[in-house]
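Input: a single structure, listed below in structure tokens.
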Amino acid sequence: MIALTAAKHALTALWTRPLHVLLSCVVDIAFLFLYGFITQFPREQLFIAAGNLTQTFSTLLSAAAATYTTPSLMQLFFDKTALPFTLMILFWIVILLLIVYALYSVFQGFAWKLAAGTPLGQFAKLCAAWFVPISILNLVVTVIDLRAILVQQVTEQAASTVPHTIFIIIIAIIVYFFILATAIIKDSWKHASKMAFVLGTRKLDTLIPAAALLVGTVLVVNALIMWTFVQNSIAGSILGILLVFPGLFVIRVYIARVMEALHARQHA
């Protein structure tokens, strides 16, 4: 069974590649630290602009209610009083996306290189190609959520959650193929993307058990960490650090091994 063989290989890598494991932990920790530090200012500016836009929307809706009219969401966004805040939000969203792309491409690219030998240049190109649709869909979800809030304010009834759920599912599917492409990239990001769709749809009989084994293991480890944290917060925190960051290395090796085996079978 591919999943069990890949799991054995990934666990063995912990003992046979200690330097890679250590470097991977440092890279992941650095990624999280730098993400929080570098994105703090853009996030603050985004929240300020969003707060100003919300206040402007409330003013516009109150004025519209006095005349018994209901402006559309686009009319609200592009009203002359709201437009500066709308443009400011879009500006800071773009800045955040560029920062996330740069940090993810460099640090996660290096982490995948340590785990699976992923070429950094092809990884950066793959991220650039896949970040665009993921970012656009996330922006759509934000607009949908904002519309739901406005509908609830105007009608005093909860808006339908169906559109939100549909787009979240679409994003999850795209992320699924992106992860598969990441795990299989060697010489060409385009070939990796193509094979991600091929293997991700045709080899579900292997991928589902492999994913189940991975998710089940993660849930067990998480339960152990949470139980330890309840007993002793310091011990739980230490255990979390000792398990989570090396665990990320193991997960990358595992996914890459599964995809490499499926790719080899596909071209056998």
Side-chain angles (χ1 to χ4, degrees), residues 1-14 17 21 24 28 104 108-109 111-119 122-123 126-127 129-138 140-141 161-227 240 243-268:
M1 184 179 181
I2 289 179
L4 294 178
T5 303
K8 180 180 178 181
H9 175 80
L11 290 174
T12 301
L14 277 175
R17 300 162 60 187
V21 176
S24 179
D28 283 324
Y104 191 89
Q108 293 306 299
W112 274 98
K113 183 176 181 62
L114 291 170
T118 303
Q122 293 300 316
F123 182 84
L126 181 77
C127 290
W130 286 79
F131 263 48
V132 172
I134 292 174
S135 300
I136 292 174
L137 287 171
N138 272 292
V140 171
V141 170
T161 60
V162 173
H164 175 92
T165 303
I166 291 175
F167 276 93
I168 290 297
I169 292 174
I170 294 174
I171 292 174
I173 293 173
I174 293 178
V175 170
Y176 161 74
F177 286 115
F178 171 62
I179 292 174
L180 296 186
T182 299
I184 204 173
I185 185 173
K186 293 300 179 184
D187 301 320
S188 169
W189 70 269
K190 293 181 180 179
H191 177 71
S193 298
K194 176 183 177 181
M195 292 310 302
F197 284 111
V198 172
L199 300 177
T201 55
R202 297 182 182 178
K203 300 298 182 180
L204 290 176
D205 58 328
T206 299
L207 288 174
I208 290 177
L213 177 61
L214 177 59
V215 172
T217 303
V218 170
L219 290 176
V220 170
V221 171
N222 181 67
L224 175 62
I225 294 173
M226 294 305 297
W227 180 84
L243 292 180
V244 170
F245 291 104
L248 292 174
F249 175 82
V250 172
I251 288 173
R252 294 186 185 103
V253 174
Y254 173 76
I255 296 175
R257 190 71 172 186
V258 170
M259 291 301 295
E260 287 171 2
L262 290 178
H263 187 265
R265 285 189 179 184
Q266 181 72 15
H267 291 80

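Only heavy atoms go into these numbers, but all of them, side chains included; no hydrogens, no water, no symmetry mates.
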Heavy-atom pair of closest approach, residues A13 and V21 | O-CG2, 4.0 Å
After noting the C-alpha distance and the side-chain angles of R252 and R257, does the key distance pass the side-chain contact (heavy atoms from CB on, under 4.5 Å) rule?
-> CA-CA 8 Å; R252 294 186 185 103; R257 190 71 172 186; over 6 Å; no
Candidates V218, L213, L219 - the one meeting side-chain contact (heavy atoms from CB on, under 4.5 Å) with V215 | L219
Measure the CZ-CE distance between R202 and M195 for me, rounded to the nearest 0.5 Å.
-> 8.0 Å
From CA spacing to verdict: side-chain contact (heavy atoms from CB on, under 4.5 Å), I251, T217 | CA-CA 10 Å; I251 288 173; T217 303; over 6 Å; no
Calculate, to the nearest 0.5 Å, the distance between atoms NZ and OG belonging to K113 and S24 respectively.
-> 13.5 Å
Heavy-atom pair with the smallest gap, counting every atom of A192 and A181 | CB-O, 3.6 Å
Quick one: closest heavy-atom pair of A183 and M259, and the distance?
-> CB-CG, 3.8 Å
Which atom names give the shortest non-hydrogen contact between A256 and A116, and what distance separates them?
-> CB-CB, 3.5 Å
Test item: K186 and H263 side chains (from C-beta on) under 4.5 Å apart, heavy atoms = no
How long is the gap from CD1 on I169 to CG on L137, to the nearest 0.5 Å?
-> 12.5 Å
How are the rings of F123 and Y104 set relative to one another: parallel (under 30°), tilted (30 to 60°) or perpendicular (over 60°)?
-> parallel
Check whether any side-chain heavy atom of L214 sits under 4.5 Å from a side-chain heavy atom of I255, and report yes or no.
-> yes
Would you say the side-chain atoms of Y254 pair up with the backbone N or O of F249, donor to acceptor, closer than 3.5 Å?
-> no
Specify the closest pair of heavy atoms between V253 and A115, including all atoms of both residues, with the distance to one decimal.
-> CG2-O, 3.6 Å
Between CG of L180 and CG of L199, what distance do you get to the nearest 0.5 Å?
-> 8.0 Å
Output for pair (T165 OG1, I168 CD1), nearest 0.5 Å, gives 8.0 Å
Separation of I184 CD1 from T118 OG1 (nearest 0.5 Å) = 11.0 Å
Between F177 and T201, does a side-chain contact (heavy atoms from CB on, under 4.5 Å) hold up when you go through it step by step?
-> CA-CA 9 Å; F177 286 115; T201 55; 3.8 Å; yes
Heavy-atom side-chain contact between F178 and C127 under 4.5 Å | yes
Would you say the side chains of W130 and S193 form a donor-acceptor pair under 3.5 Å?
-> yes
Test L207 against L262 for side-chain contact (heavy atoms from CB on, under 4.5 Å), laying out the working first.
-> CA-CA 9 Å; L207 288 174; L262 290 178; 3.6 Å; yes
For R265 and I2, work out which heavy atoms get closest and say how close.
-> CZ-CD1, 3.6 Å
Could I get the full list of side-chain contact (heavy atoms from CB on, under 4.5 Å) partners for V132, not counting sequence neighbours?
-> I136
When you look at CG of D187, are more than 12 heavy atoms from neighbouring residues, nucleotides or ligands closer to it than 6.0 Å?
-> no
Quick one: does M226's side chain get under 4.5 Å of N222's, heavy atoms only?
-> yes
